[in-house]
There are 2 protein chains.
Amino acid sequence: MSTKTKVTIHDIAEKLNITASTVSRALNDNPRISDATKKAVLKAAKQLNYQPNNIAAALRHGKSYIIGVIVPTADRFFFASVVRGIEEIANNLNYKVIICQSYDNYEKEVQTIEALLNARVDGIIASIGKNTENFDHFKKVQSKGIPLVLFDRTTDELEVSQVMIDDYLGAYKTVEHLIQQDCRRIAHFTSPKKVSVFKERLRGYMDALRDYEIPYDEQLVIKSDLQLEDGRESMKKLLKLKQSPDAVFSASDYAAMGAMQVLKERGIQIPQEVALAGFSNEPFTSFTDPPLTTVDQRSIKMGNITAELFFEHFKDGEKGIVSQKTVLKPELIIRKSTLRK
Amino acid sequence: MSTKTKVTIHDIAEKLNITASTVSRALNDNPRISDATKKAVLKAAKQLNYQPNNIAAALRHGKSYIIGVIVPTADRFFFASVVRGIEEIANNLNYKVIICQSYDNYEKEVQTIEALLNARVDGIIASIGKNTENFDHFKKVQSKGIPLVLFDRTTDELEVSQVMIDDYLGAYKTVEHLIQQDCRRIAHFTSPKKVSVFKERLRGYMDALRDYEIPYDEQLVIKSDLQLEDGRESMKKLLKLKQSPDAVFSASDYAAMGAMQVLKERGIQIPQEVALAGFSNEPFTSFTDPPLTTVDQRSIKMGNITAELFFEHFKDGEKGIVSQKTVLKPELIIRKSTLRK
DNA sequence: TCAATTTGCGTAATCGTTTGCGCAAAGTAG
DNA sequence: CTACTTTGCGCAAACGATTACGCAAATTGA
């Protein structure tokens with residue numbers, strides 16, 4: 001019941017006693033082709049079960065209509081949502097999205113870029129891996145004139161369009177909120193990595209303390225990889241201090257979750273004894289007990305904007321566009337883990 | 001600093017005064033090419049910053065070295081993990097994976113298949129969308145002789161290789177465990193959809209009841225879309241019954257989470273008054289309070305096996321291989337939400 | 001009615017790689 | 001030293017679609 005041999009436009013042409021070029025034009029709705037021929041071609045295409053070969057087309061006009069998206073991992077709600085936001089826009093413009101994961105692994109990230117270049121994607125959208133400190137692979141993309149846009153995890157070492165949220169503001173507002181809840185010894189979980197988002201969150205934390213005249217205590221800033229287990233360890237460290245904190249602002253929901261576990265295991269009341277806030281608004285943060293205060297990163301919106309910015313690079317051709325930076329306002333989601341009054 | 005014009009093997013050939021075919025063979029490490037020439041070619045390639053054009057290669061030998069993976073959504077831990085498992089195997093064999101999401105939307109699923117076929121992927125691995133009841137698009141894939149393997153969400157309406165866990169066994173063991181915890185009125189959350197996984201879980205539930213001589217009560221089986229909100233509604237329905245259940249086995253962790261929220265809001269003790277078990281071992285299930293008993297679906301393993309099965313279809317050519325069904329044993333993860341003694 | 005335009009389609013080159021075939025030079029066997 | 005095999009590479013035709021160019025027929029305008 002199935003034609004094993006691939007059917008091409010030549011087969012259609014032969015059947016109709018016309019040439020392949022006419023078929024091609026008919027399929028692409030070229031105005032120079034008569035409606036009669038178009039209909040005949042369409043009909044024959046159905047009959048023969050014709051499947052266009054995008055590879056041949058891509059080779060011919062140097063466009064693949066595929067854009068590569070690189071995320072550290074697709075199973076974090078935030079990244080998955082951004083991808084969704086990108087897809088919405090891209091699909092509307094008839095572009096396909098291929099999702100690649102770097103798993104926060106530098107080598108894998110480099111390889112992925114290489115693979116995407118070989119696959120001749122029309123552009124790349126990426127969020128940089130946590131461990132990446134050398135950006136030559138991204139520079140290579142740019143040097144080839146391939147559109148590149150970064151989101152969330154970006155870097156200043158590249159002249160590139162980027163979309164991010166105002167991590168500084170998100171952190172500032174969170175800490176401000178904690179202060180308004182009468183917290184005075186506020187700890188912070190951050191990452192030692194070069195990624196700017198964490199640096200910005202730290203800056204927001206420090207500035208909020210300063211503005212409210214709360215002394216900065218280095219002991220209260222714990223650096224780790226910010227996974228759940230790291231959050232547990234960090235919390236344990238804090239509890240060993242002579243003077244325990246009365247709040248923890250974690251740059252990651254997962255680490256905040258780890259801290260919550262430790263606090264609950266030790267019977268420490270949240271938020272009465274220690275208030276707790278995270279960052280990212282992962283879905284599980286609303287399930288926890290108590291529900292976790294966190295910062296929403298406008299992920300879908302970020303995906304939309306990133307894709308739109310990306311496609312502007314096409315329209316305006318290779319030149320003309322300067323790299324531009326879009327900063328979204330985050331939203332503080334206040335839940336019971338910080339509500340002390 | 002960058003060559004805007006694309007460099008091809010012809011450029012390398014010209015520079016070295018040899019032909020493109022020799023360059024091609026050298027790059028592909030063909031034994032008929034001398035080591036000297038190979039080295040020279042590699043060197044020139046670096047110098048010219050040559051980037052192979054996979055599209056041209058794909059067109060030539062009809063292989064794209066890309067396989068398409070379709071999942072309902074990538075932000076569920078289970079699916080993300082399976083994808084990871086698939087990638088591990090595929091990357092080792094030098095295949096790229098392109099991840100597409102159907103969002104459980106039938107039209108999107110059909111479109112995605114179409115797009116993957118046009119992109120000339122070498123094969124497709126998929127998990128069927130929840131609302132899909134017509135499988136012609138998958139039949140089309142098969143009729144074109146393109147390898148197809150399904151995982152988890154499969155169907156018997158297709159003659160296709162598939163990998164799944166033993167949902168029946170997972171459900172049976174869970175219910176058996178609940179019975180051993182002295183639960184006697186055990187409710188079940190399931191889906192009205194045609195997807196076999198839910199039907200199997202229901203069957204496991206029913207058989208366990210029967211084997212332990214517990215009467216089946218239709219009122220205790222609630223059908224819904226199994227999202228968190230559905231779980232809340234379902235739990236509320238159960239609590240309105242004359243005789244409340246003393247356990248809930250949900251076919252989804254999210255719905256179980258919804259039930260947990262309602263129970264906690266009403267001050268009903270978990271597991272003493274109502275024990276609670278989910279399905280899938282989503283990461284958040286270990287965070288909840290109490291932690292949720294659930295069934296692990298061996299997601300990475302499933303990805304590995306799926307990919308291996310998939311690649312067997314290549315080796316053995318188009319014929320010879322009959323579709324085969326691999327069933328993995330799930331693992332019951334017992335946590336506090338069901339431990340009554 | 002005749003020149004000018006439009007309509008409809010064919011010719012052939014092209015995108016960048018791969019590969020079957022062929023051929024000369026070098027190596028091997030007897 | 002002849003005959004045969006191996007080594008190293010070039011020639012040219014694919015793969016399937018797109019497109020600049022050209023040309024005849026049909027249409028239009030005056």
Side-chain angles (χ1 to χ4, degrees), chain A residues 3-42 44-45 48-66 94 117-122 144-145, chain B residues 3-42 44-45 48-66 94 115 117-122 144:
Chain A
T3 28
K4 279 289 175 192
T5 63
K6 319 280 178 188
V7 14
T8 74
I9 53 172
H10 292 97
D11 300 319
I12 301 183
E14 195 171 6
K15 181 179 172 116
L16 265 47
N17 269 326
I18 54 180
T19 64
S21 26
T22 303
V23 175
S24 172
R25 280 188 266 252
L27 291 173
N28 289 306
D29 206 29
N30 184 310
R32 301 291 291 271
I33 301 296
S34 71
D35 287 344
T37 316
K38 282 180 187 169
K39 271 175 196 154
V41 168
L42 258 356
L48 295 177
N49 196 18
Y50 167 72
Q51 195 84 36
N53 186 330
N54 282 3
I55 295 202
L59 175 61
R60 179 57 226 258
H61 49 26
K63 274 178 80 100
S64 61
Y65 285 92
I66 293 181
N94 242 315
L117 289 178
N118 290 354
R120 288 296 197 276
V121 293
D122 290 345
K144 291 196 175 297
Chain B
T3 27
K4 279 291 174 192
T5 62
K6 319 280 177 186
V7 14
T8 74
I9 54 174
H10 291 97
D11 299 319
I12 302 183
E14 195 171 5
K15 178 178 174 120
L16 264 46
N17 268 327
I18 54 180
T19 63
S21 21
T22 304
V23 175
S24 171
R25 281 187 264 253
L27 291 174
N28 290 308
D29 206 29
N30 185 309
R32 300 293 290 271
I33 300 297
S34 71
D35 287 344
T37 318
K38 282 181 188 170
K39 272 175 196 154
V41 168
L42 258 356
L48 295 177
N49 194 18
Y50 167 72
Q51 194 84 37
N53 186 329
N54 281 3
I55 295 204
L59 175 59
R60 178 57 225 254
H61 50 27
K63 274 178 79 98
S64 61
Y65 285 93
I66 292 181
N94 242 316
L117 288 178
N118 290 352
R120 286 301 197 270
V121 294
D122 290 344
K144 291 195 175 298

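Computed over heavy atoms, backbone and side chain alike; hydrogens, waters and symmetry mates excluded. Residue numbers begin at 1 in each chain, while the letters A, B, ... track the order of the sequences.
- Partners of Leu16(B) according to the side-chain contact (heavy atoms from CB on, under 4.5 Å) rule, which considers only residues two or more places apart in sequence or in another chain, are Ile12(B), Ile18(B), Ala40(B), Val41(B), Ala44(B).
- Using a 4.0 Å cut-off, some side-chain N or O of Tyr50(A) falls inside it from OP1 or OP2 of dA17(D).
- Here the P atom of nucleotide dT17(C) and the NE2 atom of His10(B) are 8 Å apart, to the nearest Å.
- Atom-to-atom, CG of Asn54(B) to P of dT17(C) comes out at 9 Å; the value is rounded to the nearest Å.
- Rounded to an integer number of Å, the gap from CG of Asp35(A) to C1' of dC9(C) is 15 Å.
- dC9(D) atom P lies 18 Å from atom CD of Glu14(B), rounded to whole Å.
- Here dC15(D) is the nucleotide among dC15(D), dT19(D), dT17(C) with the atom lying nearest to any side-chain atom of Leu59(B).
- Non-hydrogen atoms lying under 4.0 Å from DNA chain C are contributed by Ser21(B), Ser24(B), Arg25(B), Asn28(B), all within residues 21-34 of chain B.
- Note on residues 11-30 of chain B: pairs passing salt bridge (Lys or Arg N to Asp or Glu O under 4.0 Å), not counting sequence neighbours, are Asp29(B)-Lys38(B).
- Regarding Lys63(A), its NZ atom lies at a distance of 20 Å from the P atom of dA17(D), rounded to whole Å.
- Put simply, the side chain of Asp122(B) gets close to the backbone of Ser64(B): a donor and an acceptor are under 3.5 Å apart.
- Here the nucleotide nearest the side chain of Thr8(A), chosen from dG16(D), dC11(D), dG16(C), is dG16(D).
- The side chain of Thr37(A) lies closest to dC9(C), out of dT19(D), dC9(C), dG16(D).
- Nucleotide dT17(C) holds its C1' atom 16 Å from the NZ atom of Lys6(B), rounded to whole Å.
- Considering only residues two or more places apart in sequence or on other chains, Asp35(A) meets the salt bridge (Lys or Arg N to Asp or Glu O under 4.0 Å) condition with none of them.
- Ranked by how close their nearest DNA chain C nucleotide is to the 5' end, His61(A) and Ala20(B) are led by His61(A).
- Atom pair Leu16(B):CG and dG10(D):C1' shows a separation of 15 Å (rounding to whole Å applied).
- Within the model, atoms CG of Asn54(B) and CG of Leu117(A) stand 10.0 Å from one another, a figure rounded to the nearest 0.5 Å.
- Listed by chain and residue number, His61(A) satisfy the side-chain contact (heavy atoms from CB on, under 4.5 Å) test with Ala57(A) (two or more places apart in sequence, or in another chain).
- Legend: residues meeting ring-ring contact (aromatic ring centres under 6.0 Å, His included) with Tyr65(A), ordered by chain and number and at least two apart, are Tyr95(A).
- Here the P atom of nucleotide dA12(D) and the CD1 atom of Ile9(B) are 16 Å apart, to the nearest Å.
- Both Ala56(B) and Asn17(B) sit near DNA chain D, but only Asn17(B) has its closest nucleotide nearer the 5' end.
- Using a 4.0 Å heavy-atom cutoff across all strands shown, Ile55(A) reaches no nucleic acid atom at all.
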